[in-house]
Trainee: 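I'd like to ask you about the structure that follows.
Every chain is numbered from 1, with letters handed out A, B, ... down the list of sequences.
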Protein chains: 8
Amino acid sequence: MDSEKLRSLLKKVEDHEMSTEEALSELKDFSFQDLEYAKIDHHRELRTGYPEIIFCQGKTIEQLRGIIEAMLAKGSDVVGTRADKEVFESIKDLDPAFVYYEKARIFSLQKKKPNIPETKICVVTAGTSDIPVAEEAAVIAEVLGNNVERIFDVGVAGIHRLMSKLDIIKQSRAVIVVAGMEGALASIVGGLIDKPIIAVPTSVGYGANFGGISALLAMLNSCAGGVSVVNIDNGFGAGYYASMINKI
Amino acid sequence: MDSEKLRSLLKKVEDHEMSTEEALSELKDFSFQDLEYAKIDHHRELRTGYPEIIFCQGKTIEQLRGIIEAMLAKGSDVVGTRADKEVFESIKDLDPAFVYYEKARIFSLQKKKPNIPETKICVVTAGTSDIPVAEEAAVIAEVLGNNVERIFDVGVAGIHRLMSKLDIIKQSRAVIVVAGMEGALASIVGGLIDKPIIAVPTSVGYGANFGGISALLAMLNSCAGGVSVVNIDNGFGAGYYASMINKI
Amino acid sequence: MDSEKLRSLLKKVEDHEMSTEEALSELKDFSFQDLEYAKIDHHRELRTGYPEIIFCQGKTIEQLRGIIEAMLAKGSDVVGTRADKEVFESIKDLDPAFVYYEKARIFSLQKKKPNIPETKICVVTAGTSDIPVAEEAAVIAEVLGNNVERIFDVGVAGIHRLMSKLDIIKQSRAVIVVAGMEGALASIVGGLIDKPIIAVPTSVGYGANFGGISALLAMLNSCAGGVSVVNIDNGFGAGYYASMINKI
Amino acid sequence: MDSEKLRSLLKKVEDHEMSTEEALSELKDFSFQDLEYAKIDHHRELRTGYPEIIFCQGKTIEQLRGIIEAMLAKGSDVVGTRADKEVFESIKDLDPAFVYYEKARIFSLQKKKPNIPETKICVVTAGTSDIPVAEEAAVIAEVLGNNVERIFDVGVAGIHRLMSKLDIIKQSRAVIVVAGMEGALASIVGGLIDKPIIAVPTSVGYGANFGGISALLAMLNSCAGGVSVVNIDNGFGAGYYASMINKI
Amino acid sequence: MDSEKLRSLLKKVEDHEMSTEEALSELKDFSFQDLEYAKIDHHRELRTGYPEIIFCQGKTIEQLRGIIEAMLAKGSDVVGTRADKEVFESIKDLDPAFVYYEKARIFSLQKKKPNIPETKICVVTAGTSDIPVAEEAAVIAEVLGNNVERIFDVGVAGIHRLMSKLDIIKQSRAVIVVAGMEGALASIVGGLIDKPIIAVPTSVGYGANFGGISALLAMLNSCAGGVSVVNIDNGFGAGYYASMINKI
Amino acid sequence: MDSEKLRSLLKKVEDHEMSTEEALSELKDFSFQDLEYAKIDHHRELRTGYPEIIFCQGKTIEQLRGIIEAMLAKGSDVVGTRADKEVFESIKDLDPAFVYYEKARIFSLQKKKPNIPETKICVVTAGTSDIPVAEEAAVIAEVLGNNVERIFDVGVAGIHRLMSKLDIIKQSRAVIVVAGMEGALASIVGGLIDKPIIAVPTSVGYGANFGGISALLAMLNSCAGGVSVVNIDNGFGAGYYASMINKI
Amino acid sequence: MDSEKLRSLLKKVEDHEMSTEEALSELKDFSFQDLEYAKIDHHRELRTGYPEIIFCQGKTIEQLRGIIEAMLAKGSDVVGTRADKEVFESIKDLDPAFVYYEKARIFSLQKKKPNIPETKICVVTAGTSDIPVAEEAAVIAEVLGNNVERIFDVGVAGIHRLMSKLDIIKQSRAVIVVAGMEGALASIVGGLIDKPIIAVPTSVGYGANFGGISALLAMLNSCAGGVSVVNIDNGFGAGYYASMINKI
Amino acid sequence: MDSEKLRSLLKKVEDHEMSTEEALSELKDFSFQDLEYAKIDHHRELRTGYPEIIFCQGKTIEQLRGIIEAMLAKGSDVVGTRADKEVFESIKDLDPAFVYYEKARIFSLQKKKPNIPETKICVVTAGTSDIPVAEEAAVIAEVLGNNVERIFDVGVAGIHRLMSKLDIIKQSRAVIVVAGMEGALASIVGGLIDKPIIAVPTSVGYGANFGGISALLAMLNSCAGGVSVVNIDNGFGAGYYASMINKI
């Protein structure tokens with residue numbers, strides 16, 4: 001409900017191009033469609049520059065199909081995260097153009113070719129087990145129109161592995177660091193480069209990692225200056241955030 | 001054991017209408033029936049104005065059937081929460097009048113038509129995944145004799161959705177706000193209206209939401225004044241509480 | 001920004017009684033005054049029925065004086081919570097009509113006599129040490145225009161004390177239960193009466209009470225139906241909430 | 001290795017009835033038998049007055065059979081806790097005299113009739129769902145030779161239920177209180193009687209009970225004086241402890 | 001409100017020796033005196049066998065003096081715990097017979113000589129720093145009329161120290177084990193003797209002891225059977241509980 | 001130790017312009033100076049684009065003076081955070097050009113005028129009490145050469161306050177949101193704009209905010225996509241990160 | 001990248017035996033092989049004296065096979081931990097010489113006979129249920145070339161069992177103590193011997209052991225001096241660490 | 001009470017060189033002296049090879065003086081940790097030979113020159129604020145007779161600092177790594193060298209470091225193999241442990 005829209009609407013009322021009741025109704029129904037169980041935000045793309053992305057986990061297949069159909073009807077792009085293979089199987093008939101990224105658990109349908117800047121986003125993982133979360137981040141960034149460089153398994157216990165990839169990392173505009181266990185990789189990369197780092201703690205590990213808390217705390221307490229953190233296993237949030245930075 | 005009853009009983013003893021031993025026995029056996037594994041509280045309805053509602057989770061089918069039969073024998077209304085479909089299937093033969101609310105996981109049998117006030121209770125959810133808990137709250141409030149308005153998926157990340165429903169929310173006498181993740185919806189509604197809000201944190205989310213703790217803490221720390229909180233996923237408690245307020 | 005106001009404003013624009021720019025400005029500056037470090041919400045009283053109450057803890061004396069002066073200038077009532085004696089001493093010169101409630105750590109200045117309903121709010125504490133929090137709740141409720149009944153030190157370990165006061169408790173419209181340690185008093189009162197209970201856990205106790213967590217968890221897990229909870233030591237929130245219920 | 005035994009052994013050495021090497025060996029091999037994966041403590045009964053009780057959870061069937069056979073060979077009584085039905089089925093062939101208590105998940109084989117004192121132990125539960133833990137406590141106390149009184153489902157939200165059973169509770173020598181959720185029952189019983197109470201928090205509940213922590217903290221913070229606590233769901237520990245007190 | 005009293009009261013009503021209103025009033029005012037900020041429980045001694053003991057922490061001097069004066073007026077014994085030296089200095093003028101136990105932070109005034117059984121209670125500490133909590137336990141037990149044996153600084157890291165005192169420990173009827181840090185002493189004593197052990201975790205330690213949680217968890221998880229636990233630093237509770245057991 | 005430097009160094013060795021021992025020594029002593037208690041990183045500015053900033057908390061005055069003198073001797077800019085007034089008083093004699101920002105607890109000495117881009121960073125707070133943390137963020141961003149817009153006290157409980165400032169917020173390149181209590185402001189701003197948000201939880205609040213955990217968890221669980229989080233009260237980290245984004 | 005290697009490489013460049021580009025490439029590709037999803041560290045054995053050991057949990061069968069094949073191709077020894085039977089079944093065809101240790105969930109293939117010192121490592125468990133973790137520790141130590149002594153089920157509740165094995169324990173060079181529940185065994189062994197103890201908390205237990213936290217905290221808070229701790233259930237880490245000490 | 005001593009004692013009894021009562025008494029009073037509030041362990045040095053070291057925190061000056069006098073009387077070496085300057089001032093008159101290490105808060109008096117091996121222990125810190133804990137570790141190791149190398153402030157955010165010191169670190173026999181905040185230094189050192197690392201988390205930091213938990217968890221979850229952990233801020237434990245390893 002920003003000033004621009006409000007001003008033009010008020011102008012129409014002033015010019016008697018629109019009645020007050022129409023204006024009221026416009027202000028209310030303008031921006032979303034009511035499916036009863038889900039309000040779909042068709043104008044989000046205008047407002048924030050990104051389409052609404054469906055978080056599939058915790059939604060029933062019926063709800064998902066309803067949401068997707070409404071989005072398709074409006075000609076929106078459709079992207080879904082946390083979609084297991086079975087979920088994808090049960091919605092893919094809605095449009096033959098759907099693509100599924102299995103490792104990332106993401107499906108997407110993109111009609112508009114996004115504008116892809118030349119600058120890159122780099123996704124780095126500490127270990128092999130961090131790859132699923134890293135793929136979620138990477139695919140989201142790609143879906144949103146970014147070039148992504150993947151550098152996996154360069155974890156702390158063998159720091160020379162990281163060093164050999166440092167030039168590639170330095171050429172990125174934003175770096176996503178995905179790590180479980182002691183989560184130290186974010187601090188180390190942060191001490192070596194001057195680009196914003198988005199740290200993603202993962203729930204990988206055992207014993208006192210407590211579902212990712214050990215990595216989360218380590219990343220929040222990073223003594224390197226350019227590190228911010230998203231939620232445990234939140235690859236989506238990291239990819240989205242890196243895309244925002246890359247597209248500035 | 002309130003003063004009224006005690007006074008009349010003492011009067012009967014004074015008037016020799018009742019022996020001391022009878023009085024003693026009355027005082028003891030008066031108010032509940034012993035099933036060995038469960039004491040059923042037949043007079044609760046008199047005492048608190050609401051029938052005892054069975055929390056099915058953690059009880060065996062045998063125990064449930066025993067409790068329900070005893071309640072039916074006394075002519076009580078019977079309501080059960082946290083009853084999965086299988087639970088309902090295995091008790092529904094006890095009375096053909098049983099109704100099952102699947103989304104809310106509640107069954108009920110109500111002989112007495114409750115007195116329904118004109119004022120409303122409003123149940124609001126942040127997302128689609130919060131609906132099961134919201135339905136538990138809504139159905140309990142309905143079973144207890146209230147008009148309920150459902151407004152789902154008007155969460156914080158798209159606050160304009162909420163704004164369009166504000167008039168309806170303002171006309172309610174009590175508002176139940178159901179939200180997981182960052183649980184901010186309760187504070188926002190609390191800042192916009194002057195009705196008591198019952199906040200229900202849900203365990204929806206991932207990563208550092210820790211089974212609902214993130215939403216619980218956010219709601220407890222709400223800087224809006226008119227917000228109180230019930231337990232994580234406790235739709236029942238919220239519906240019951242809102243009913244109390246609505247029936248004042 | 002409710003429909004009523006919006007409609008009338010749009011009407012004025014339509015009728016050329018107001019320019020679009022005036023309307024825009026109205027919509028923006030209408031409801032609060034900017035002190036740079038604090039936005040004072042003069043229309044809150046209209047919107048939620050209660051004046052904005054200043055949470056003094058964490059604000060400097062200068063900030064407090066600035067906020068109070070701005071409120072006095074608008075003729076608002078002024079109420080401050082978490083105000084230690086020294087805080088009060090350093091602001092009381094701003095108006096001779098200020099009153100200070102020491103046990104509750106609240107100051108107030110009320111020009112308008114609030115409308116006091118006949119129904120009561122009851123404030124119950126488990127122990128003597130819970131009294132400061134209980135007084136905060138009680139004074140806030142009184143300041144907002146309610147009759148308050150105080151029943152202190154009727155804790156769980158001597159349940160007969162509670163029983164003797166039950167008639168008074170039952171006649172209240174809302175009951176605030178303040179308890180630290182094991183926080184069981186809320187459940188017990190909840191099992192005995194049919195009025196909404198607002199439970200306030202206190203940080204009173206020692207050992208594994210963890211600053212009130214033991215009481216907080218106990219109250220959230222109350223097996224009695226009519227109990228909702230506010231934050232640890234949050235007497236203000238409880239008094240405000242009970243007032244909302246009492247004034248329905 | 002108490003003084004008595006040591007003195008008599010030293011005496012034998014002094015009197016040349018035993019060589020120093022024999023004495024050394026005696027001191028070492030005296031008290032237990034080595035099964036490699038489990039050291040069985042045959043003299044525990046002498047030392048602490050109670051046989052060693054097998055905690056079955058986490059042991060393989062082979063290990064359990066080995067342990068039981070060794071105990072049977074020595075003529076020991078055999079009691080096992082946390083034994084699911086399948087566990088019992090796979091060991092019961094070792095002796096036809098084995099008895100299985102399903103609700104308590106305990107099996108036992110007792111050759112010696114224990115000495116049963118006239119005084120009683122009382123086991124009280126707050127709800128129906130607490131019964132399995134309560135049965136573990138009750139059966140252990142019975143197996144160790146005590147009269148046990150069971151009083152189930154007399155929880156806090158309906159305190160009059162408890163009152164009617166108070167006379168029975170008061171006649172016990174030790175009271176085991178089993179409760180989940182807010183765990184308040186222990187405090188209440190503790191405020192009404194002057195016998196030692198052993199409180200057992202259970203993991204029954206939902207939301208912020210955190211697997212029994214809410215009840216555990218409430219019980220530890222009990223403001224009643226005569227309450228001590230055992231681990232969450234530790235019916236065995238409570239039954240054993242109550243037996244110790246009853247047999248003094 | 002036990003059966004005996006109720007029966008005799010009902011009898012009087014039946015015999016017209018007492019009016020119903022008198023009976024009602026008797027039932028209500030019978031058992032405690034109302035000081036507004038504290039309900040004093042004069043009949044607690046009759047009911048539970050122990051006088052009410054004042055927990056001084058968190059009470060103002062005025063409240064303490066009021067409570068003590070009321071107790072003295074009724075001829076009750078007076079015992080106060082968590083009383084720092086300054087607290088004692090400001091109440092001791094109320095009766096010259098007050099005694100102060102500085103290490104235990106307890107004051108007492110006992111007119112009636114308690115009946116002291118021959119059996120003993122033993123208080124054991126792991127380290128020197130655990131002594132203040134141990135003294136609270138020991139003095140409370142003595143004040144309640146028990147012989148107490150103190151055995152301090154026999155902690156786990158030098159287990160031979162404990163062994164030399166084992167005979168004394170074995171002759172006690174209940175053993176209080178006070179330990180901070182890893183809290184293992186309770187398990188060890190529990191494995192060596194067959195008497196009930198009351199374990200008191202202390203907040204002594206540093207680093208990850210978290211104010212006593214490490215010892216608390218260790219004691220709750222004790223693999224020895226005869227161990228129950230009271231709250232962190234709760235010497236009072238342990239002494240009171242041990243006295244209950246010793247006086248059976 | 002990036003490829004460029006390594007290549008040129010190897011070239012010199014190859015061309016016999018440098019001996020292997022010289023090369024070795026160069027590789028080791030090149031980049032920092034050893035003060036024994038602190039290694040000062042003079043080339044950090046080259047490597048990451050930002051000078052090393054001194055975290056004063058936990059360092060002695062002597063250590064601070066030593067570090068500052070070494071930096072001044074090299075002609076470095078000097079910036080210190082978490083510097084209380086007393087700290088500043090005891091180091092300011094080292095150079096008359098030192099400036100102190102009291103609310104932000106930062107001192108700085110900047111010889112080189114930083115290059116300031118036209119784009120802005122916006123710092124938003126929920127309440128008045130969040131201002132110290134917000135000032136730390138704002139001053140750090142300014143010191144690093146950025147235009148900063150401050151918008152304070154636009155918290156969630158009065159969301160219309162925020163709306164009136166939305167245009168300013170939207171024109172920023174990165175938004176720092178500082179909030180305590182329920183921390184919801186970050187989600188709300190995130191739902192309204194399409195710029196990267198750096199959320200800073202503060203330890204402001206009481207009761208169950210647990211020193212900032214409630215806000216931290218809420219922000220990590222934000223359902224808005226463009227939110228990343230730094231440590232509790234870490235204004236420095238947020239300002240530094242926003243500067244990185246603004247300077248891309 | 002230690003000085004020795006660097007010096008010799010620089011020398012070659014100086015002597016024109018190697019071009020700068022070759023040197024650069026050498027420095028980068030020298031030490032590991034890139035499998036895309038896993039960087040294999042062939043020179044780790046040279047660098048740290050131990051081969052890289054594969055942590056199988058969380059890796060797919062394909063990834064495991066790829067890693068193993070690459071290691072076999074280089075002639076490396078191959079050891080995998082956390083390998084369930086199914087995992088082993090699906091990789092064992094890669095080389096007939098693979099050995100599987102079922103209790104320890106480890107497979108290994110060792111071509112080089114390790115050098116086994118005469119000194120021993122001792123692995124001690126408190127209970128029978130701790131054996132799987134203890135076996136992981138023991139087998140890792142054996143695989144790395146050590147003599148291992150196993151002493152199982154000598155837990156705290158029967159301390160005399162431990163005493164009889166003390167001579168064997170004392171002859172070891174490092175002692176691994178594996179314990180769940182209250183984890184006291186580490187302190188006790190630490191008080192009796194003067195060898196470094198590696199304590200491994202296990203997640204064995206129930207109730208408030210919280211997946212091993214109780215044992216972890218107890219071990220960290222050990223009042224015995226020679227105890228260090230590895231992660232919960234981390235048998236691998238303990239075996240590896242003990243081997244390091246034994247091979248000094 | 002090891003076999004050797006027991007055998008010789010039994011031999012004397014057999015040879016009538018000692019009566020059974022003398023033997024009994026010997027076995028009991030042999031190894032420590034009773035000060036009532038502290039048992040001093042004079043034979044600890046024989047048993048574990050190290051003198052008992054006094055943990056001063058939480059002991060009164062009187063207790064400390066008593067303990068030290070008893071140790072001096074026996075000719076023991078005396079070492080005290082956690083001794084603030086004031087503590088040292090009030091005990092130093094007991095012997096003019098006392099030395100005080102202020103940064104480490106340790107005092108010592110050593111008559112016997114310890115045997116110092118040529119091998120070294122290395123103490124590494126991440127930051128300047130970690131130095132007090134590191135000094136405690138270093139001084140304890142020196143007092144116990146070891147050469148110690150200090151390498152301070154080589155933290156993760158500037159990893160090249162660490163690299164330049166790697167040769168020194170590699171030549172040590174055991175490495176103590178002291179770090180707060182994200183605690184990653186231990187993992188990094190662990191990935192670079194093949195010596196046992198003792199990691200000490202410190203409570204340095206702010207925000208979500210929770211008094212050292214962030215570093216503690218990171219270190220426990222280290223993915224490097226040769227890392228074990230002692231308690232938060234436990235410099236003493238680390239120095240003692242490293243000494244054990246160095247003296248093998």
Trainee: Could you tell me whether the side chain of E:Val227 reaches within less than 4.5 Å of the side chain of D:Tyr240, counting heavy atoms only?
Mentor: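 When only atoms from C-beta onward are counted, E:Val227 and D:Tyr240 do not touch, as no gap falls below 4.5 Å.
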Trainee: Do E:Val230 and D:Leu220 come within less than 4.5 Å of each other through their side chains, counting heavy atoms only?
Mentor: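 No, too far: nothing below the 4.5 Å cut-off.
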Trainee: So which heavy atom on E:Lys195 is nearest to which on D:Met244, and how close?
Mentor: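 Scanning both residues, the minimum pair turns out to be C-SD, 3.6 Å.
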Trainee: Output the distance between atom CG (E:Asn221) and atom CG (D:Asn234), rounded to the nearest 0.5 Å.
Mentor: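 Atom-to-atom, E:Asn221:CG and D:Asn234:CG are 9.0 Å apart.
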Trainee: If I take atom CD1 from residue D:Ile248 and atom CD1 from residue E:Ile248, how far apart are they, to the nearest 0.5 angstrom?
Mentor: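 So the gap between those two atoms works out to 5.5 Å.
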Trainee: Tell me the closest heavy-atom pair linking E:Ile197 and D:Tyr241, and the distance in Å.
Mentor: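 Shortest heavy-atom contact: O-OH, 3.0 Å.
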